[in-house]
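Note sheet for the following structure.
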Amino acid sequence: MKKYIILVLALSFSFASIAQNTKEDNYKTGVKIVNEVNGDGASKGLEAAFESVSPDMADYIIRYGFGEIYNRTGLDFKTKELLIIASLTTQANAKSQLKSHMKAALNLGVTPNEISETMILLSLYTGFPASNNGIFALKEVLDETNYLATTKVNSSNELIKNWELEGFAMPESIVASPTEDWLYVSNVNQNEKGYISRITKAGKVDNYKWVTGLNNPAGLALYQDKLYVGDGKELHIIDVKKGKLINSFTSTDVVSLNDVVVSKTGQVFISDIAGGKIFTLENNKLVVWFQTPEIKHPNGIFIQDDNLIIADFGAELSLELTPDKYGSLYKVNLKDKTATMIKSGYQLGALDGLAAVKDGYLVTGGTVSDLFFINDNAKQLVGTFSKGLADISILGNTLYAPILFSNKIESFSLPNNLVSSESIDDNWHRIKTKEEYLKLTADNFYGDKEGTSVASHDGQIFGVFGGKILTGTWDWKDTFFTRTSKIGDLDLGYDEIVIEVNATQMRLTLKQGKGATVVYDKK
């Protein structure tokens with residue numbers, strides 16, 4: 001018993017000593033986290049709020065609340081904020097704190113729709129009154145922060161730089177997560193072992209060497225929490241939740257794998273830039289899917305509708321290509337594999353990166369580092385970069401660009417007028433982007449004699465038709481309005497819809513424009 005008491009006392013003194021030694025460090029960590037979560041200067045604002053009443057409380061919140069508890073690993077900041085929001089929603093006397101954490105969540109990249117979905121889920125466990133109060137608190141926050149107005153929409157005809165980040169080792173490709181705040185970057189790292197970096201969409205480094213032990217990784221593609229990496233002779237698969245390499249594939253037919261893309265059905269395509277082939281992954285084996293003498297060195301690839309778009313580097317793999325040997329842009333039908341050249345992309349340059357935007361594609365000129373907009377009928381120079389503009393990524397109105405030879409990543413807001421909006425017959429206007437829908441139609445009531453409905457700016461659908469309640473959520477995918485809804489007890493499921501509007505009406509055509517069409521009047 002005596003030895004036991006001595007051991008307990010020794011441990012107690014040890015823990016007290018550790019706490020004392022790390023108190024200042026925890027406070028510094030807390031300040032850093034408070035500012036990251038709530039915005040620059042937030043820690044000073046917190047200190048000022050408590051200064052005349054209880055400065056120790058501010059110290060306790062920053063040092064213990066953020067420096068120790070919030071700083072624990074296991075959950076990312078966005079998840080933590082959603083959990084805090086859920087907890088505060090159940091407390092009737094915590095509206096101020098609830099709104100504060102909603103603002104923090106939005107600052108971290110949580111969407112209003114994610115917060116709204118949290119409230120809807122809570123209604124099952126805390127009741128509708130508490131959840132409704134949470135929804136209205138969110139509305140107040142969006143109004144107070146002018147949420148839509150702070151969303152970057154570039155109305156000029158030039159790229160607007162958001163940020164740049166250095167410290168990479170020949171970054172060749174970047175891909176943006178559609179659901180989380182992460183950007184993944186491949187680092188070729190020349191003669192050393194390559195690796196994958198993970199950064200935030202705001203340009204903050206999470207881990208330069210997030211996944212290591214690769215050769216010279218190039219193209220990247222994300223699909224269902226898996227990151228596909230083209231790496232020389234191998235195609236790697238990384239589990240993004242665990243940050244671990246889980247599988248690798250190769251073939252004796254492979255020369256040098258480069259870019260990767262995954263179809264909606266999960267079929268993986270990989271360009272072999274040196275071998276002149278397009279591979280696919282079948283039954284865990286790399287097999288040749290497409291090859292033609294016209295496309296000497298397929299580099300960037302992208303899937304649009306039922307076609308695989310291929311950016312050809314050129315007639316030879318050289319950093320000093322002449323114009324007559326420049327690469328062109330091609331379209332290959334996924335079903336019958338027929339290939340056609342996109343005329344406006346003829347001998348465009350030493351082509352590399354490729355991504356879709358509005359009515360066409362953005363293509364990078366490789367070593368010449370021009371960025372072009374291309375569609376079937378037009379060509380437009382969007383910008384000129386430092387040497388080595390490589391595999392770009394686009395999410396919404398934001399372009400993420402790796403600059404291979406400058407060892408940096410740059411982020412830009414895209415021009416809003418790459419192509420003028422398409423006009424439909426009888427003055428109908430086709431809405432093709434979420435930003436345009438938010439500007440023209442969100443929060444407006446539409447309906448007919450049976451009832452009305454509204455799709456709000458925070459992603460919710462509400463309405464009454466034939467005496468039955470319509471509820472659901474909406475978002476955007478490619479050029480389609482997406483809707484998941486039910487009316488009364490009838491589950492309407494998920495659909496992708498063509499949306500057209502004029503001054504007084506909205507026209508909806510279901511199943512990507514191939515289904516039934518309905519017209520509603522603006523109320």
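Sequential numbering from 1 along the given sequence is applied to the chain's residues.
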Query - Under 3.5 Å donor-acceptor, T89 side chain and I85 backbone - result: yes

Query raised in the report: Donor-acceptor pair, S87 side chain versus L83 backbone, under 3.5 Å?
Result: no

Query - I199/K204 under side-chain contact (heavy atoms from CB on, under 4.5 Å): CA gap, chis, key distance, verdict - result: CA-CA 6 Å; I199 63 178; K204 296 181 180 179; over 6 Å; no

Query raised in the report: Do H236 and N247 come close enough that some side-chain heavy atom pair is under 4.5 Å?
Result: no

Report task. Could you tell me whether a side-chain N or O of E114 sits under 3.5 Å from a main-chain N or O of T111, the two making a donor and an acceptor? Result -> yes

Query raised in the report: Of the options Q512, E496, R430, which is the one that meets T479 in a side-chain hydrogen bond (donor to acceptor under 3.5 Å, both in side chains)?
Result: R430

Report task. Report, as yes or no, whether the 6.0 Å neighbourhood of atom NZ on K32 holds more than 12 heavy atoms from other residues, nucleotides or ligands. Result -> no

Query raised in the report: Quick one: do the T79 and D76 side chains pair a donor with an acceptor below 3.5 Å?
Result: yes

Query raised in the report: Under 6.0 Å between ring centres, would you say that holds for F269 and W289?
Result: yes

Report task. Answer yes or no: does atom CZ of F128 have more than 12 heavy-atom neighbours from other residues, nucleotides or ligands under 6.0 Å? Result -> no

Report task. Look only at the side chain of D259 and the backbone of I301, and say whether a donor-acceptor pair between them is shorter than 3.5 Å. Result -> yes

Query raised in the report: Okay, side chain of S393, backbone of Y400: is any donor-acceptor separation there less than 3.5 Å?
Result: no

**Report entry** Qualifying residue, where the test is side chain to side chain contact (heavy atoms under 4.5 Å, CB included) with F66 and the options are N71, T29, V34, V31
**Finding:** V34

Query raised in the report: If you measure only the distance, is there a donor-acceptor pair under 3.5 Å linking the side chains of Q267 and T280?
Result: yes

Query raised in the report: Quick check: does any side chain N or O of K331 sit under 3.5 Å from a backbone N or O of I310, one acting as donor and the other as acceptor?
Result: no

Query raised in the report: Looking at W474, is K434 sitting on its ring face, NZ or CZ under 6.0 Å from the six-membered ring centre and within 45 degrees of the normal?
Result: yes

Report task. Any chance you could lay out the side-chain contact (heavy atoms from CB on, under 4.5 Å) test for I403 and E410, step after step, and finish with the verdict? Result -> CA-CA 8 Å; I403 314 298; E410 296 180 338; 4.1 Å; yes

**Report entry** From L245, I237, V175, residue fulfilling side chain to side chain contact (heavy atoms under 4.5 Å, CB included) relative to L227
**Finding:** V175

**Report entry** Ring center gap for F168 and Y208 short of 6.0 angstrom
**Finding:** yes

Query - N333 (side chain) donor-acceptor with K335 (main chain) under 3.5 angstrom - result: yes

Query raised in the report: Looking at P402, S197, S173, which one forms a side chain to side chain contact (heavy atoms under 4.5 Å, CB included) with S186?
Result: S173

Report task. State, without any angle test, whether N162 and S413 hold a side-chain donor-acceptor pair at a distance under 3.5 Å. Result -> yes

Report task. Any chance you could measure E81, atom CD, to T118, atom OG1, to the nearest 0.5 Å? Result -> 11.5 Å

Query raised in the report: With distance as the sole test, does W476 use its side chain to make a donor-acceptor pair with the main-chain N or O of K432 at under 3.5 Å?
Result: yes

**Report entry** Expected output: side-chain S131 to main-chain M119 donor-acceptor under 3.5 Å
**Finding:** yes

Query raised in the report: For the rings on F481 and Y437, is their centre-to-centre separation under 6.0 Å?
Result: yes

Query - Any donor-acceptor N/O pair, D448 side chain to E450 backbone, under 3.5 Å - result: yes

Query raised in the report: Cationic tip of R198 within the cone over W182's six-membered ring, i.e. under 6.0 Å and within 45° of the normal?
Result: yes

Query raised in the report: Do other residues, nucleotides or ligands put more than 12 heavy atoms under 6.0 Å from K244 NZ?
Result: no

Query - D458 versus S456, side-chain donor and acceptor atoms under 3.5 Å - result: yes

Requested in this report: Flag yes if more than 12 heavy atoms outside K139 fall under 6.0 Å of its NZ atom; otherwise flag no.
Outcome: no

Query - Neighbour count above 12 (heavy atom, 6.0 Å) for K78 NZ - result: yes

Requested in this report: Validate the cation-pi geometry between K80 and Y70: distance from NZ or CZ to the six-membered ring centre under 6.0 Å, angle to the ring axis within 45°.
Outcome: yes

**Report entry** Approximate separation, where rounding is to 0.5 Å, of T212 OG1 and I196 CD1
**Finding:** 10.0 Å

**Report entry** CA sep, side-chain torsions, deciding dist, call: N307, L334, side-chain contact (heavy atoms from CB on, under 4.5 Å)
**Finding:** CA-CA 5 Å; N307 297 295; L334 291 174; 5.6 Å; no

Query - Any W210 side-chain heavy atom under 4.5 Å of V205 side chain - result: no

Query raised in the report: Is the NZ or CZ atom of K523 both under 6.0 Å from the centre of the six-membered ring of F445 and within 45° of that ring's axis?
Result: no

Report task. Assess whether side-chain contact (heavy atoms from CB on, under 4.5 Å) is satisfied between E172 and L220, documenting all intermediate values. Result -> CA-CA 9 Å; E172 204 280 338; L220 303 175; over 6 Å; no

Query - CG-OH distance between L492 and Y494, expressed to the nearest 0.5 angstrom - result: 14.5 Å

Query - Nearest heavy-atom neighbours spanning Y223 and S263 - result: CE1-O, 3.6 Å

